[in-house]
Amino acid sequence: MQLSILKFPDPKLKEISDTVKEFDSSLHKLLDAMAVSMYAANGVGLAAIQVGQPLRMFVIDISWSEESGEKKLYEFINPKLHDGEGKIVFEEGCLSVPGVTEEVTRKKHIVVDFQDRHGKPHSLVAEELLAVAIQHENDHLDGILFVDRLSPLKRRFVRRKLEKAITL
Ligand code: NI
């Protein structure tokens, strides 16, 4: 099932999501629907809050950027990011902020602890685009959009652009 994706300035996008406690079939259904919705929108990541569910989880698939063309779906539930290393600047966009892309500086290497859809704990070392995507999606769990990570000057510029876009 395809879910509709909340768009800025929906106040729900500012919510802090809750820890996932039930790893049941309704959770699996939601994760499946999130993946379908992400692919349908040509996104590389989608957090539960973007479809209105304040749960600490997101899906990611960055495989479009690789040559194989094979899908590789990641599901991160209750992620915890550890201190990262290095810096990477990447031009980010967000399914909840359509029409805007801006360069954001993130950690280049990260370690993330998380649970899978059955509640089993895992740890993953990620770098480059996967690390960027995890940090972007993890921000959604704390109500942070990538435009909040921009310099104040750039943020004002983007905000003006967005305000114009939604009043037209
Ligand atoms: Ni996003």
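Numbering of ligands and ligand atoms starts at 1, following listing order.
- Counting all heavy atoms, side chain and backbone alike, Arg56 lies closest to Pro79 at O-CD, 3.6 Å.
- Between Met34 and Val51, the closest side-chain pair of non-hydrogen atoms falls below 4.5 Å.
- The list of side-chain hydrogen bond (donor to acceptor under 3.5 Å, both in side chains) pairs with a residue in residues 41-55, not counting sequence neighbours, reads Gln50-Ser96.
- Counting only protein N, O or S atoms, the number found under 2.8 Å from the Ni ion (ligand 1) is 3.
- Sorted by first then second residue, the ring-ring contact (aromatic ring centres under 6.0 Å, His included) pairs that include residues 27-61, not counting sequence neighbours, are His28-His118, Phe58-Phe76.
- As a member of the Ile/Leu/Val/Met/Phe/Trp/Tyr network built from side-chain separations under 4.5 Å, Ile144 groups with nothing else and remains a singleton.
- Ion pair Asp139/Arg106 flagged as a salt bridge, since at least one NZ, NE, NH1 or NH2 atom sits closer than 4.0 Å to an Asp/Glu carboxylate oxygen.
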